[in-house]
Amino acid sequence: LLFQNSGNYSMTGSEDVIIVAKTIPGSTQITPQGFIPVGYVVAIKDGAGNAATNPIQFIGTVDGTVNPVYNANYISKTLMWNGVQWNVIG
């Protein structure tokens, strides 16, 4: 999925990859869907290369960090849901 709109993104559960490449400056929050099956994998990518100025925040716990903010240009994180929290697997 290529997300270029302003504002935040709510996942639907059909995404394998979310590329954040907004044309309007501003941070982006990505919120997972309500029900997440164990083993669900999603990759998040800063496709615009501007996360240092327009960070991406993932809503949820990732490897013990609540609502982590990713603020390195062109960052990519692959996350897997283990039933309790998300784990970075790539």
Side-chain angles (χ1 to χ4, degrees):
L1 172 94
L2 181 61
F3 182 67
Q4 295 179 307
N5 301 327
S6 63
N8 302 317
Y9 181 73
S10 294
M11 293 170 53
T12 64
S14 62
E15 304 88 341
D16 294 324
V17 177
I18 301 170
I19 299 173
V20 179
K22 292 166 62 168
T23 56
I24 298 171
S27 63
T28 301
Q29 287 184 341
I30 298 173
T31 305
Q33 67 274 21
F35 171 76
I36 307 164
V38 172
Y40 178 76
V41 175
V42 65
I44 299 167
K45 170 72 178 166
D46 171 24
N50 62 11
T53 3
N54 301 303
I56 300 167
Q57 182 178 33
F58 190 82
I59 303 303
T61 302
V62 178
D63 288 340
T65 302
V66 178
N67 303 335
V69 175
Y70 302 116
N71 57 6
N73 291 341
Y74 295 106
I75 193 160
S76 177
K77 296 283 183 179
T78 302
L79 308 175
M80 177 183 278
W81 179 247
N82 70 14
V84 177
Q85 69 172 339
W86 295 89
N87 295 123
V88 176
I89 59 170

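One is the number of the first residue; the rest follow in order along the sequence. Worth knowing before you read on, the calculation uses all heavy atoms, side chains too, and leaves out hydrogens, waters and symmetry mates.
- Taking 4.5 Å as the limit, every side-chain heavy atom of Asn8 sits out of range of all side-chain heavy atoms of Thr31.
- Annotation for Gln57 and Asn67: closest pair NE2-O, 3.2 Å, computed over non-hydrogen atoms.
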**Prompt:** Please walk me through it: do Asn54 and Val20 pass side-chain contact (heavy atoms from CB on, under 4.5 Å)?
**Reply:** CA-CA 10 Å; Asn54 301 303; Val20 179; over 6 Å; no

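- Residues Pro68 and Gly60 come closest through the heavy atom pair CD-O, 3.5 Å.
- The NZ atom of Lys22 lies 11.0 Å from the CG atom of Asp46; values are rounded to the nearest 0.5 Å.
- Put simply, the side chain of Thr78 reaches to within 4.5 Å of the side chain of Val41, judged on heavy atoms.
- Under the 3.5 Å distance criterion, the side-chain polar atoms of Asn73 are matched with a main-chain donor or acceptor of Ala52.
- Judged by distance alone, the side chain of Asp16 and the main-chain N or O of Val42 form no donor-acceptor pair under 3.5 Å.
- For the pair Tyr70/Lys45, no side-chain contact is recorded, criterion being any heavy-atom separation below 4.5 Å from C-beta on.
- Taking the six-membered ring for Trp and thresholds of 30 and 60 degrees, Phe58 and Trp86 have ring planes more than 60 degrees apart, a perpendicular arrangement.
- Here the side chains of Tyr9 and Ile18 are in contact, with some heavy-atom distance below 4.5 Å.
- Side-chain contact check for Val88 versus Leu79: some heavy-atom pair is nearer than 4.5 Å.
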**Chi angles and distances behind the side-chain contact (heavy atoms from CB on, under 4.5 Å) call for Glu15, Phe3** = CA-CA 11 Å; Glu15 304 88 341; Phe3 182 67; over 6 Å; no

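- In this structure the side chain of Thr12 never reaches within 4.5 angstrom of the side chain of Gln33, judged on heavy atoms.
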